[in-house]
Amino acid sequence: MTLFEGVIEWTAGTKERFIWQGGQLQPYRTEPVPAPVNYGCLPGLMNPADHAEVDAVWLGEPRPVGTLVQATPTGLLHLQDGDHKVVFGPLEDAQALLDWFPAERGARLLAPADALAWLESLP
């Protein structure tokens, strides 16, 4: 069981978004709609698709911004542009996540093994 540590940058149900930069959270922007999931990143792991830290989502109950979470991935939100999101938490809550992305991004949920394989392939 491989644990990854992530940080919550945007709490489910809120519009206020933060960003992890230089080892700390900074205010980022106010979004037009609330996040349907807890959104954040895996500090120290870079996604070559956008040259930023790997995005992660935590399904389930809202978690406060700044919460550090150690967990094993339960899936991978695969996007056509390569800006994949590592998923943590109960997959029965994943429909809101899938609905959040426009059809042209080709969002589909892959298995935990796919998440681990993708993470291990990162430089």
Donor-acceptor contact below 3.5 Å, side chain Thr30 vs main chain Lys15: no
Residue pairs fulfilling side chain to side chain donor-acceptor pair (under 3.5 Å) with at least one residue in residues 93-113, sequence neighbours excluded: Asp81-Arg105, Gln95-Asp99
Pro73 and Val87, any side-chain heavy atoms less than 4.5 Å apart: no
Leu42 side, atom CG; Trp20 side, atom CH2 - distance, nearest 0.5 Å: 11.5 Å
Test item: Asn38 side-chain N/O and Ala12 main-chain N/O as donor-acceptor pair under 3.5 Å: yes
Side-chain heavy atoms of Phe101 within contact of Leu77, under 4.5 Å: yes
Co-membership, hydrophobic cluster, residues Val37 and Trp10, 4.5 Å side-chain: yes
Of all pairs that satisfy salt bridge (charged side-chain N to carboxylate O under 4.0 Å, His left out), the ones with a partner from residues 30-59, not counting sequence neighbours: Arg17-Glu31, Arg29-Glu31, Asp55-Lys85
Test item: Leu76 and Leu109 side chains (from C-beta on) under 4.5 Å apart, heavy atoms: no
Side chains of residues 60-69: which donor-acceptor partners sit under 3.5 Å, not counting sequence neighbours?
| residue | atom | partner | partner atom | Å |
| --- | --- | --- | --- | --- |
| Thr67 | OG1 | Pro64 | O | 2.7 |

Spacing of OH belonging to Tyr39 relative to OG1 belonging to Thr11, to within rounding of 0.5 Å: 14.0 Å
Selection residues 111-123 - residue pairs positive for salt bridge (charged side-chain N to carboxylate O under 4.0 Å, His left out), sequence neighbours left out: none
Reported CG-to-CG distance for the pair Leu45 and Leu122, which is rounded to 0.5 angstrom: 6.5 Å
Results of side-chain contact (heavy atoms from CB on, under 4.5 Å) for Gln70 - residues two or more places apart only: Leu3, Glu5
All pairs passing ring pair (Phe, Tyr, Trp, His ring centres under 6.0 Å) where residues 40-84 contributes a residue, at least two apart: Trp58-Phe88, His78-His84, His84-Trp118
Spacing of CD1 belonging to Ile8 relative to SG belonging to Cys41, to within rounding of 0.5 Å: 9.5 Å
Heavy-atom side-chain proximity of Pro90 to Leu59 below 4.5 angstrom: yes
Considering all heavy atoms, the nearest Asn47-Gly82 contact: ND2-O, 3.5 Å
